[in-house]
Amino acid sequence: MIDQIRGLEDLKSLAGARQAELAVAFDLSQRREQAAAGVASGEQGAGVAAQIALARRESPARGSRLLGLAKTLTGMPRTFAAFRAGLLNEWRVTLVVKETICLTREDRAGVDEELAADAGALDGMGDKAIITAARAAAYRRNPASVAKRAARAVGERCVSLRPAPDTMAYLTALLPVSQGVAAYAALAKDADSARSGGDERSRGQVMADTLVERVTGTPGGISGVEIQLVMTDRTLLQTDAEPARLPGYGTIPAAWARELTLTTESSTGLNLWIRRLYTAPGTNELVAMDSKARLFPAGLKRFLQVRDNTCRTPYCDAPIRHHDHILAWHQCGPTSRSNGPGLCEACNHTKESPGWTAKPVPGPRHTVATTTPTAHTYHSTAPPLPGSALPRADIRTDNITSRNVGRQVRRAPSPGRPAGASPPPPGVPRRPTVQVLGRVIQPTMT
């Protein structure tokens, strides 16, 4: 079995190397076709990485990195051979390329020869050892390029947020080393002072709380922000276990959502209320009013944010930055919920490349079919809302014609009657369910 595991690992590397070869060949063929079609040289290659990403079931950003890796490896034959032979896997090949990307093609080839990866020189090394070896070889080849990259990295400083388990989040800052060390030292100093003064919180807890208070200016860290919390009325009012969804984060436990939503105004000093969002009968798809405007108005943008949660391109989970028409405005595409997807900036630009088309199609929820220049079609369906996975036998739908709003009605068991028992006699009222968008904090508009 161990021999099989080893053999399959080698096979994965061989397949990855072949994918890289095909990616380079596909990029070249697409550029030739675009040149023949009259596309300007500076715009040739647009959309190639996105097509590779879709084929590999990866995000567009990941597809771009994979294509860049493949094209760089063509100038590093020894590293490429080690990849093909299974001496290096795709991740460790990426580490080598990352540390040499600042070099010229000639210097990169020199590093490749020095490392002699195809001879097994890197075999047995861990990630850090490979990074160290590649970085040292790159510096010996061209110290100025490495120093220039370090100086340029200062311009890439940023702050990012990503989900963590158990309703937590990672707030990460990419800073110059001097600033990062100074910020950490200041937080650590305050934490040590608080602990020595009798604060019962742990050192890490004090540092985290101090960071939030200094950044936001308030002890709790919540001031003038809008939190879009999507949950069912059963979760909110009946202590149901159906989890809620926090756009930009993901699924959160029902109990935590109730605590967040039902916090009293007196305890926070914030203006809180609940906005009800109704779902269409039978599909659980959000329903909203259409707009005749050329640009998506703020309310419709907010609706698309809640419905789509992240970028609607398949395999892309980047934050939504653009709200654009699926069927273009100049092609008489309406400014409506059905013709509006939430997209990240890169995916919105990609769909405008020659040969890309998109259209809404019937589906269980809002569905978009995207066709690439090679005539491959990919479908994207809006994520399910909390409470949408109810058993079909336990759902009855009614229509509401007023203002294009749908309502889903669930047969709620009466007191003393267990779930799954026979329904109540005709005429007994049933409790409606709604999708709840909760906790709006000091909003700028209603």
Side-chain angles (χ1 to χ4, degrees), residues 13 16-17 19-21 23-24 27-28 31 41-42 44-45 48-49 52 59-160 162 170 172-188 346:
S13 294
Q19 283 182 317
E21 293 171 344
V24 173
D27 177 66
L28 181 60
R31 289 176 180 274
S41 59
Q44 292 174 14
V48 173
I52 293 173
S59 69
R62 172 72 172 158
S64 180
R65 290 193 293 269
L66 290 170
L67 177 58
L69 170 67
K71 295 170 73 173
T72 304
L73 282 175
T74 58
M76 304 182 72
R78 290 179 177 270
T79 303
F80 207 167
F83 184 22
R84 195 179 293 108
L87 297 175
L88 293 174
N89 59 24
E90 188 173 63
W91 171 243
R92 287 178 174 160
V93 167
T94 302
L95 296 178
V96 175
V97 169
K98 183 179 178 181
E99 294 302 325
T100 59
I101 198 65
C102 62
L103 303 178
T104 64
R105 184 179 180 89
E106 292 74 18
D107 286 336
R108 198 179 302 119
V111 171
D112 180 62
E113 185 175 355
E114 179 180 340
L115 295 177
D118 62 336
L122 302 180
D123 190 25
M125 287 189 179
D127 293 352
K128 291 183 179 180
I130 289 177
I131 291 173
T132 300
R135 184 177 296 170
Y139 188 80
R140 284 193 292 269
R141 283 283 164 178
N142 195 332
S145 294
V146 177
K148 184 178 179 181
R149 182 177 71 171
R152 188 169 57 247
V154 175
E156 298 175 355
R157 59 190 183 277
C158 62
V159 177
S160 61
R162 68 184 190 277
Y170 295 106
T172 305
L174 178 63
L175 302 170
V177 63
S178 58
Q179 296 180 12
V181 171
Y184 186 86
L187 293 173

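FYI, the numbering just counts along the sequence from 1. Quantities reported herein were computed from a predicted structural model and do not represent experimental measurements. Note: hydrogens, waters and symmetry copies are ignored here, and every other heavy atom, side chains too, is used.
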Donor-acceptor pairs under 3.5 Å, side chain of residues 145-154 to any protein atom, not counting sequence neighbours: which ones?
unit_1, atom_1, unit_2, atom_2, d
S145, OG, N142, OD1, 3.3
S145, OG, N142, ND2, 3.0
R149, NH1, K98, O, 2.9
R149, NH2, E99, OE1, 3.4

TODO: List the atom of L67, the atom of A23, and the distance in Å for their closest heavy-atom pair.
DONE: CD1-O, 3.8 Å

Open item on the list: Does any part of the side chain of R65, heavy atoms only, come nearer than 4.5 Å to the side chain of T94, both counted from C-beta?
Closed with: no

TODO: List the steps, then state whether side-chain contact (heavy atoms from CB on, under 4.5 Å) holds for D112 with R108.
DONE: CA-CA 6 Å; D112 180 62; R108 198 179 302 119; over 6 Å; no

- [ ] Report yes or no: does T74 contribute a side-chain atom to a donor-acceptor pair with the main-chain N or O of K71 at less than 3.5 Å?
- [x] yes

Task: Exercise: identify the closest heavy-atom pair between V96 and T100 - done: O-OG1, 3.0 Å

Task: Which atom of S64 lies closest to which atom of A49, heavy atoms considered - done: CA-CB, 3.6 Å

Task: Rounded distance [0.5 Å steps], CG in L69 versus CZ in F80 - done: 8.0 Å

- [ ] Working to the nearest 0.5 Å, report the span between CZ of R92 and CG of N89.
- [x] 5.5 Å

- [ ] State, to 0.1 Å, how close R162 and T172 come at their nearest heavy-atom pair, and which atoms those are.
- [x] NH1-OG1, 3.3 Å

TODO: Only pairs at least two apart or in different chains count here, so list each salt bridge (charged side-chain N to carboxylate O under 4.0 Å, His left out) that has a residue in residues 79-91.
DONE: E21-R84, R56-E90, R62-E90

Open item on the list: Just verifying a value: how many Å separate L95 CG and R135 CZ, rounded to the nearest 0.5 Å?
Closed with: 10.0 Å

Enumerate donor-acceptor pairs with a distance under 3.5 Å from any side-chain N or O in residues 113-124 to protein atoms, sequence neighbours excluded.
unit_1, atom_1, unit_2, atom_2, d
E114, OE2, R140, NE, 3.2
E114, OE2, R140, NH2, 2.3
D118, OD1, R78, NH1, 3.0

